[in-house]
Colleague: 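Please find one structure pasted underneath; my questions will follow.
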Protein chains: 2
Amino acid sequence: MAHRPKLSTVAAAAGVSTATVSQVLRGTGRISPQTRDKVLAAVQEVNYLPDGRAAALRSGENREIGLVLHHLANPFNAEVVSGVSDRLERADHLVSVLDSRDDAAREGRNLRALIASMRGGLIWVPASGTDAATLDLLVAQRLPVVTFLHRVAERFDHVGLRNAAALGRAVDHLVELGHRRIAYLGGTSPRAPRAERIAGYAAALAAHDLGAPLVLPCEDSKAGGLAAMLELRNAHPEVTAIVCNGDMVALGACLGLHRRGETPGGEVSVIGFDDVADAALATPALTTLSIAPYELGQHLAERLLARLADPAAAPVHQDLDASLVLRDTTAPPLPR
Amino acid sequence: MAHRPKLSTVAAAAGVSTATVSQVLRGTGRISPQTRDKVLAAVQEVNYLPDGRAAALRSGENREIGLVLHHLANPFNAEVVSGVSDRLERADHLVSVLDSRDDAAREGRNLRALIASMRGGLIWVPASGTDAATLDLLVAQRLPVVTFLHRVAERFDHVGLRNAAALGRAVDHLVELGHRRIAYLGGTSPRAPRAERIAGYAAALAAHDLGAPLVLPCEDSKAGGLAAMLELRNAHPEVTAIVCNGDMVALGACLGLHRRGETPGGEVSVIGFDDVADAALATPALTTLSIAPYELGQHLAERLLARLADPAAAPVHQDLDASLVLRDTTAPPLPR
DNA sequence: CGGCCGAGGTATAACGTTGTATCACGTGGC
DNA sequence: GCCACGTGATACAACGTTATACCTCGGCCG
């Protein structure tokens, strides 16, 4: 055999028509037990597996879900992916993951390719510079879409976070501990979530009458957090507490303190955002705004399933709370 | 418009036949500049995007590549994914990632779904218990496959590591520093790479006449490494150095030492495997067996592209070296 | 002026599957 | 002995593309 086995290969092997084979495989129609066995044996024999494209083309069904996010290397995202996959695989869908690396051009290519292969739906963490043409395309193709974190269009389902409120909680906690100079660390993207977090941070500062906000942008990674912390200690030694754009930045900031011979929760208190698995494991364990990534992934999956079940329903927009988890990187400022 | 725009929609809008639209889009055949412009305008107008399934079905072409690995949450894998994607996207392929979570059943489902959607090829890090039926299927479907790390069949292209030699280098280094009791930490899977590493470790011990190997299996994660290190310090306090099954385990082991008030490179020297980005960032920075994950990913992609270019060529098997990168978690044992 | 040729476009048959309509064939009732 | 009927299997048309063969028409050469 030189080629991929197809329906007709099986049909020939079993001595029946292709229609019969199809019925057996799909469990539809009326087939006698003996032909049924004959067909199944033939399927095994030639190692047949249906061509999903042809099947999908004919039947209009589609059980493939695309998951496009902006940074796979971040463990928070990896945990979200797990949640999404587990839930959707239970519903007999296949999830394939694409990483846009927060690059709008790459994201555009990915989305186009995804639509071209006609997925059944899309869970999407939009990158910073997503362009209107891509959005138009998604709308025109009538693809069920759930966006996460960054809302790009009213007509897509969306799950977001109450970023400003979360940051308020973080700042409040630091103020209660006695901190007066509190900086914000991390992020470079102009995306909405970061802006909301910074706004929440600034509003909380204002509420406590703590002066002007101090924002140090940096790459959302440990390396970025590390570098930013070193700079902060040099340029703004009066700062005794920071809130970070994500746990990776916060953990990196902690590394920066260690490298200077200082300790998180000592010279500088640190609060993260996300609650990745490493946050609880670090020494000292990281105080952070927790959003349970695995459960969140499952939640996103449920949203998409609901949309698939009723494509005509009105778009659902939802915002989740992040709760402050107190661990060991926050403490009263050192006396001086 | 109630439906997804298709070729005939565009054709109607442009006042030409579907064949002409197809030719314009594909750049084949002879078309006058004016009809060409007319068609392109119509494509924009209706937001048309071709149905890749139908196109692939008809043309037999396929530009989708599946990437199946066993643990996406490990940053090493995430970096490999980046390398693979970048290279394949440059060659105009779409890469979609599936995570088997080292579960043979899930892996089997993923692979079947992948074949069903008729990818153009597969890069695969096989899970522990991959079954023969799945292998038969892959072979019968004549899918170009490159396996990584764990070789499961002679007839697939394969890229592996010289695990035993690498472990030999690690043990040699520790012995030179003066260590006599060296343990192996991590891994639970019966997969070949781990067995080779343990064999290399045991052989090196024997070569230096250091007595029986001491292997502590644990989950390949920071949490696993942490727990294993705590156990090691209790049960085998005479051990002064460990080699780990991966950087996550090694970094977890370092956390375990910190938690006991001890330091890596002090009470216990630690060597990792992989050289993830965090290894260089940790304090102290992790000595590890490095395999440059991003470049490795690109290499895997090249292998697959070569296979796609010449499906008939004999299978290529290749093993790469891991080099020992000396950082701060290895030092002579403390005097006692 | 007829035939030839090339440029520009179209009709049509696939690709591998599924769903519907249809058909062959006993079997049982009257 | 004939018709109605249910059972089991098949023929055939679609799904949205692409590739090939074909058609038409004007211009140009012999």
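To find a chain, count down the sequence lines: A is the first, B the second, and so on, and within it residues start at 1. Below, each value reflects all heavy atoms present in this structure, side chains not excepted, and no hydrogens, waters or symmetry copies. As the structure is a prediction and not an experimental result, all values here were calculated from the model.
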Colleague: Could you check whether R307(A) pairs with D157(A) (Lys NZ or Arg NE/NH1/NH2 to Asp/Glu carboxylate O, under 4.0 Å)?
Modeller: yes
Colleague: Considering only nitrogen or oxygen atoms on both sides, find all protein atoms under 3.5 Å from nucleotides 21-27 of chain C and state each distance.
Modeller:
none

Colleague: Is T35(B) touching bases, backbone alone, or none of the nucleic acid, heavy atoms closer than 4.0 Å?
Modeller: sugar-phosphate
Colleague: Would you call R53(B) and E61(A) a salt bridge, taking side-chain N to carboxylate O under 4.0 Å as the test?
Modeller: no
Colleague: For residues S82(B) and S85(B), is any side-chain donor paired with an opposing acceptor at under 3.5 Å?
Modeller: no
Colleague: Output the rounded distance in Å from CD (Q34(B)) to C1' (dA7(C)).
Modeller: 12 Å
Colleague: Once rounded to the nearest 0.5 Å, what's the spacing between atom NE2 of H299(A) and atom OH of Y294(A)?
Modeller: 15.0 Å
Colleague: In whole Å, what is the span from the NZ atom of K38(B) to the C1' atom of dG8(C)?
Modeller: 12 Å
Colleague: Tell me, please, which residues at least two apart from T18(A) pass side-chain hydrogen bond (donor to acceptor under 3.5 Å, both in side chains).
Modeller: none
Colleague: For the helix from dC1(C)-dG30(D) to dC30(C)-dG1(D), what is the angle between the axes at its two ends, each from 5 pairs, rounded to 10°?
Modeller: 70°
Colleague: Would you mind classifying the nucleic acid contact of S32(B) as base, sugar-phosphate or nothing, using non-hydrogen atoms under 4.0 angstrom?
Modeller: sugar-phosphate
Colleague: Please determine, for the side chain of V16(B), which listed nucleotide (dG9(C), dT10(C), dG19(C)) has the closest atom?
Modeller: dT10(C)
Colleague: Answer yes or no: is there a donor N or O on one side and an acceptor on the other, between the side chain of D99(A) and the main chain of L72(A), under 3.5 Å?
Modeller: yes
Colleague: Need two values: the first and the last nucleotide of DNA chain D, 5' to 3', having an atom under 4.0 Å from any heavy-atom of chain B.
Modeller: dG16(D) to dA19(D)
Colleague: According to the side chain to side chain donor-acceptor pair (under 3.5 Å) rule, which pairs have a member within residues 122-134 of chain B, sequence neighbours left out?
Modeller: D102(B)-S128(B), E107(B)-W124(B), E107(B)-T130(B), R112(B)-T134(B), D131(B)-T134(B)
Colleague: Could you check whether any side-chain N or O of R63(A) sits under 3.5 Å from a backbone N or O of A91(A), counting only pairs where one atom can act as donor and the other as acceptor?
Modeller: yes
Colleague: Looking across every strand, which nucleic acid part, if any, lies under 4.0 Å from L7(A) by heavy atom: base, sugar-phosphate, or nothing?
Modeller: base
Colleague: Could you check which residues of residues 48-58 of chain A get a heavy atom under 4.0 Å from DNA chain D? Sort them by number, please.
Modeller: L57(A), R58(A)
Colleague: Could you tell me the separation between the CD atom of E61(A) and the C1' atom of dT17(C), rounded to a whole number of Å?
Modeller: 13 Å
Colleague: Rounded to the Å, how far apart are K6(A) NZ and dT18(C) P?
Modeller: 14 Å
